[in-house]
Amino acid sequence: MTPPPDALAGLAARALAVLEGEGEGQARAVAERRMVASAPASGAATVRAEATTRVEVLAWRDSHAVMASTTDLGESGLAGAARAADAAARALAAAAGAPGPLPPLPGAAVARSHASPDVATARPSPDTWRGPLAAARAAVGAASMDLVLTIAGGEVAIAGTSGLVAADETAFATLAVRTPGGGEARVAAASLAALDAGAVVAAATGAGADATDRAPAPPPGEHAAVLGPEAVGALLDALGPLAFDGAAHTAGHGLLAGRLGTRVAAAAINLSDSPRYTGTLPRSIDAEGVPITPVPLIQDGVAHRVVHDTASAAAAGAGARSTGHAVAPAGTGPGPRPRNLVLVGGGAADEAELAAPIGAGLLVPALGSLRVVDAGAGVVGATARGARVIAGGEIGLPLPPFEVRIDPLELLGRVEALAARPRLVLPDATERPLDVHAVVCPAVRVAGLSSVG
């Protein structure tokens, strides 16, 4: 059972009390839960529920930091994590023989609160899944489709020797549909009530997985294309560490290094990190307890800003401050990145309207197995899933999966039009619930998508 928020704050305070006797640092108490209900087309539904609580202790010694974690919430477990972090940080400082590069730990700050997550989604009862899954089955009708409903969420409480006291919570739900032919689609929402079962069923059916006629895989080369929100969301999320990481940017190897203030995308592209945008996942603080600041990243196609944590802001200098985008405290993990990306929509009604001007091209609803192929050049590889042919402006036969190579930033320069209605996409909802990245984005039409067969 997940501890209530006040119990989490107590766990963080108890771990910090041990650390305060040794020096500076932070303690984070994190509770997360996930319920997955699977309903095959034939057979009974199965439910798997899991909940975890852990405490992470960060010891900060002579501007060096080390973090230790424990799931033993007793006094010995908390003390053991605090002392392990302290000993490792002291050893690191002694080995370095000089102060480290880290700035002081963040002090107390007031974060702008967000609306509390939907109670049924944030703290589901054992039977919460039944209603939404029944509604999804009704939307499927007689079609033989497998359904998977996921309900997840979590809370965090942070306390620091600097006087920092902060807390946050989030929740979300996803519904995935899979057809007998292997086609699949997924929708996500910040609450169970907002899940659109009809939309995901239509998307899975539209993938044409059960069609008897199929077109051959597209030949290698450039193709005019329409990308669905799932595909767009995956590519925008990939840009986080490649283009918007303030640490990489300051070091000179981010994709926007030397390019802020210049045009890097089509004029129709307005991309920001906006944690308070309607429809995204609620989030108010980062892993360091710093309030998250909305950040305009690309405005009218012009690169505007990158995001920072306390370490990257200190390295950047020139008055830079954390924007509240730490993934891990005090530089103990990856650099800062946006986790609530929002791409403003355009004027097209839907994918069909986006496809209308294309004589010959591709509709790519989703991308799977996305991985970085060349970080320096900003190129990623992926598998196009559920794709269909576009011929004479009409969406036609389904295609088998095929490989693509994409420079997401360069692709934003090829955007010709955007759909009007953005949708919440969770590029990797298998991560820890509090770490899940949210992207709100529409479908887009691009002048060229590179297929490699």
Side-chain angles (χ1 to χ4, degrees), residues 145-146 148 150 174-188 200 202-211 213-242 341 343 351 354-355 358 360-375 377-390 395-412 414-415 423 425-431 436-437 439 441-453:
M145 295 185 180
D146 299 331
V148 179
T150 300
T174 67
L175 176 65
V177 173
R178 181 172 296 170
T179 68
E184 59 183 66
R186 185 179 68 172
V187 292
V200 71
T205 304
D210 300 317
D213 294 328
R214 291 177 179 274
E222 297 291 317
H223 304 270
V226 172
L227 304 181
E230 289 283 338
V232 175
L235 292 173
L236 292 178
D237 186 58
L239 272 179
L242 295 172
L341 287 169
L343 177 64
E351 283 91 331
L354 289 171
I358 297 177
L362 308 170
L363 168 66
V364 179
L367 296 170
S369 303
L370 193 144
R371 67 275 180 196
V372 176
V373 174
D374 185 338
V379 177
V380 301
T383 303
R385 301 185 315 199
R388 299 182 76 111
V389 170
I390 298 175
I395 298 172
L397 290 175
L399 290 158
F402 58 92
E403 292 299 303
V404 294
R405 292 289 182 272
I406 302 170
D407 175 342
L409 188 60
E410 190 268 344
L411 192 75
L412 289 180
R414 299 187 181 195
V415 171
R423 201 179 84 194
V425 175
L426 306 181
D428 188 0
T430 62
E431 295 180 13
V436 165
H437 304 150
V439 183
C441 61
V444 304
R445 183 175 72 240
V446 297
L449 178 70
S450 181
S451 166
V452 294

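No experiment lies behind these values; they were computed from the predicted model shown.
The main-chain N or O of S369 is found under 3.5 Å from a side-chain atom of R371 such that the two form a donor-acceptor pair. Using modelled atom types, one side-chain atom of R186 and one backbone atom of L426 make a donor-acceptor pair closer than 3.5 Å. When atom types are taken as modelled, the side chain of R388 and the backbone of L363 share no donor-acceptor pair closer than 3.5 angstrom.
Scored by the side chain to side chain contact (heavy atoms under 4.5 Å, CB included) test, A360 finds no partners at all (sequence neighbours excluded). Contacts of P408 classified as side chain to side chain contact (heavy atoms under 4.5 Å, CB included), with partners at least two apart in sequence or in another chain: L235, L239, V380, I406. Shown here are the side chain to side chain donor-acceptor pair (under 3.5 Å) partners of E351, two or more places apart in sequence or in another chain: there are none. Shown here are the side chain to side chain contact (heavy atoms under 4.5 Å, CB included) partners of V389, two or more places apart in sequence or in another chain: A215, A391, L399. Under the rule for a side chain to side chain contact (heavy atoms under 4.5 Å, CB included), the partners of A234 that lie at least two apart in sequence or sit in another chain are L370. Among residues two or more places apart in sequence or in another chain, the side chain to side chain donor-acceptor pair (under 3.5 Å) test is passed with R445 by E416.
Here the CD1 atom belonging to I390 is positioned 8.5 Å from the CG atom belonging to L354, to the nearest 0.5 angstrom. In this structure, H437 NE2 and D237 CG are separated by 5.5 Å, a value rounded to the nearest 0.5 Å. We find the CG-CZ distance between L343 and R423 to be 13.5 Å, quoted to the nearest 0.5 Å.
In this structure, V404 and V452 have side chains that are not in contact, with every pair of non-hydrogen atoms separated by 4.5 Å or more. Side-chain contact between V226 and L362: absent, with no pair of heavy atoms (C-beta onward) separated by less than 4.5 Å. No side-chain heavy atom of V148 sits under 4.5 Å from any side-chain heavy atom of V177. Residues V425 and V232 have side chains not in contact (no heavy-atom distance under 4.5 Å, counting atoms from C-beta outward).
Of all heavy-atom pairs between C441 and G233, the closest is SG-N, 3.5 Å. Heavy atoms only, all atoms of each residue included: G448 and L411 are closest at O-CD1, 3.3 Å. Across P365 and E230, no two heavy atoms sit closer than the pair O-CB, 3.4 Å. Between A377 and D407, the shortest heavy-atom distance links the atoms O-OD2, 3.6 Å.
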Donor-acceptor pairs under 3.5 angstrom involving side-chain atoms of residues 216-225: please list them, not counting sequence neighbours.
{"from": "E222", "atom 1": "OE1", "to": "R414", "atom 2": "NH1", "distance (Å)": "2.5"}
{"from": "H223", "atom 1": "NE2", "to": "P219", "atom 2": "O", "distance (Å)": "2.8"}

